[in-house]
*Asks:* 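Handing you a structure now.
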Amino acid sequence: MDFDNVQDIHSDKDSENIKRLAVDVKGGSYDIHIGAGLLHTPEDYIPYKLEGRTVFVLSDRNVSGLYGDMVTASIEAQGATVYQLLVDGGEKSKSFSDFERLSNEMLAKKVTRDSVLIALGGGVVGDLGGFLASTIVRGISYIQMPTTLLAHVDSSVGGKTAINTQYGKNLVGTFYQPDSVIIDVDVLSTLPPREYMAGVAEVLKYGLIVDLEFFEYLETHASDIAKQDPYICEQMIYQSCAAKAAIVSMDEKETSGQRILLNLGHTFGHALELIAGYNGDVLHGEAVAVGMLMALDVSCKLGNVSEGDVARVRELYANIGLPQTLDDLGLAFSDVETMVARIYELMLGDKKATRHGIKFVILSKIGQAVVNADLEEEFIKDTLRYFIQQ
Ligand code: NAD
Ligand code: GLY
């Protein structure tokens, strides 16, 4: 994999206060800006003037209370007319009903094609905001201002937008790239520890799928990661964004085999989230953490990775404090076979399923992922049984 735009993660921490990465996609490119305090002057990182425009700032109620006024005041000072759009915090807001309500609110405020939407929040607000921006009056510009670690390292980059359905996660959505991604690392200071840890799972994903050196870096710094050391957080964000930018630049719409690798553990994880009920009991990153271990188990049974490799990954999970079992997620199932059948059925509804079956992302070794579309149902179900009985 080509990582030309990835800097040395050990580079001098004082050399540059604001880091930039470019995402190059068909029809344009945009920058990811990473640094402390960027939300005080977000206009510095938006590639056009906001004067005279209508700007919609979408947030959830928690984030709005913390950062909404600051961002709104800065944008208003640029001569824009600003309207705040609000949803409740949590996965349930990625819904048809919120999408409909917010679309109507924007139409009532006379949204036009030169309006701008700012998604200020975690992945929920980012995915919902991107979807709104891509559909309202057939598409307006939008800016990602992510406020969770998960959104910093994954969801704000790459233009996947979505809402959830009763049939599964993210099944209605678009590919629609933002014009800028503004990552203010200071916002992590208010993030609840569980939400931080959910983001770390997606960081670890990059080490597992494309970058052994980064995986080793995470091993070396596990205790600093567990303590949420700000310098290590910034390194994790930069390196993760660099990996994601490189992958998205190669394969914007998940058609040429690279972007699909970002879904390691997600087919399992999405099914677990759906079973848990999107009510905050199981966070997306937590489900992905356990889902990645399930994918690792599959990789081990295929002989791609050794039992020693599995133990090595599990040790990193333990040192950081990531969930490893369904019990850690608070999921307990008494009827094993019914649950195995139910989870498998949900996995068949995943976006990566085709008429030929499910495409599984597995590891060929630590630091390298591949797709396998030929796994037998019973083979996968054995992994589910193992985790349910663990
Ligand atoms: P989230 O958006 O629900 O945010 C988590 C919680 O943290 C919320 O309650 C929120 O109010 C609160 N919060 C956010 N920022 C805060 C801050 N700075 N201080 C205090 N509280 C804060 O969850 P998330 O983990 O950011 O995102 C999960 C979503 O992202 C899922 O729906 C998932 O499907 C999606 N996702 C999308 C992509 C993509 O490529 N589009 C990639 C990964 C995940
Ligand atoms: N998080 C998966 C992707 O962006 O493709």
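In listed order, ligands and their atoms are each counted from 1.
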*Asks:* Run the ring-centre check on Phe131 versus Phe99 and record whether the distance is less than 6.0 Å.
*Replies:* yes
*Asks:* Can you tell whether the side chains of Lys109 and Glu105 come within less than 4.0 Å, N to carboxylate O?
*Replies:* no
*Asks:* Measure across Gly158 and Arg259 and return the closest heavy-atom pair with its distance rounded to 0.1 Å.
*Replies:* O-NH1, 2.9 Å
*Asks:* Taking transitive links into account, so neighbours of neighbours count too, which hydrophobic residues share a cluster with Leu283 at under 4.5 Å side-chain distance?
*Replies:* none
*Asks:* Centre-to-centre under 6.0 Å for Tyr142 and Tyr176, is that the case here?
*Replies:* yes
*Asks:* Determine all donor-acceptor pairs shorter than 3.5 Å in which one atom belongs to a side chain in residues 363-371; sequence neighbours excluded.
*Replies:*
from, atom 1, to, atom 2, distance (Å)
Ser364, OG, Gln368, O, 3.2
Ser364, OG, Gln368, NE2, 3.0

*Asks:* What are the two closest non-hydrogen atoms of Thr148 and Gly123, and how far apart are they?
*Replies:* OG1-N, 4.1 Å
*Asks:* Is it possible for you to check whether Arg53 lies under 6.0 Å from the centre of the six-membered ring of Tyr48, through NZ or CZ, and within 45° of that ring's axis?
*Replies:* yes
*Asks:* Report every pair formed by an N or O atom of ligand 2 and a protein N or O atom separated by less than 3.5 Å, giving atom names and the distance to 0.1 Å.
*Replies:*
from, atom 1, to, atom 2, distance (Å)
ligand 2, 1 (N), Asp154, OD1, 3.1
ligand 2, 1 (N), Asp154, OD2, 3.4
ligand 2, 4 (O), Lys244, NZ, 2.5
ligand 2, 4 (O), Arg259, NH2, 2.8
ligand 2, 5 (O), Lys160, NZ, 2.8
ligand 2, 5 (O), Arg259, NE, 2.7
ligand 2, 5 (O), Arg259, NH2, 3.4

*Asks:* Name each N or O atom in ligand 1 that is under 3.5 Å from a protein N or O, and give the partner atom and the distance.
*Replies:*
from, atom 1, to, atom 2, distance (Å)
ligand 1, 2 (O), Gly123, N, 3.1
ligand 1, 2 (O), Val124, N, 3.0
ligand 1, 9 (O), Asn62, ND2, 3.2
ligand 1, 11 (O), Asp60, OD1, 2.9
ligand 1, 11 (O), Asp60, OD2, 2.7
ligand 1, 11 (O), Asn62, ND2, 2.7
ligand 1, 15 (N), Thr147, O, 3.2
ligand 1, 15 (N), Thr147, OG1, 2.8
ligand 1, 18 (N), Thr147, O, 3.0
ligand 1, 18 (N), Val187, O, 3.1
ligand 1, 18 (N), Thr190, OG1, 3.3
ligand 1, 19 (N), Thr190, O, 3.3
ligand 1, 19 (N), Thr190, OG1, 2.7
ligand 1, 26 (O), Gly123, N, 2.7
ligand 1, 26 (O), Thr148, OG1, 2.6
ligand 1, 27 (O), Gly123, N, 3.1
ligand 1, 32 (O), Glu91, OE1, 2.8
ligand 1, 32 (O), Glu91, OE2, 2.8
ligand 1, 32 (O), Lys94, NZ, 2.7
ligand 1, 32 (O), Lys169, NZ, 3.1
ligand 1, 34 (O), Lys94, NZ, 3.1
ligand 1, 34 (O), Lys169, NZ, 2.7
ligand 1, 34 (O), Asn170, ND2, 3.4
ligand 1, 40 (O), Lys244, NZ, 3.4
ligand 1, 41 (N), Asp127, OD1, 2.9
ligand 1, 41 (N), Lys160, O, 3.0

*Asks:* Is there a side-chain contact between Cys241 and His152 in this structure, where contact means two heavy atoms from C-beta onward sitting under 4.5 Å apart?
*Replies:* no
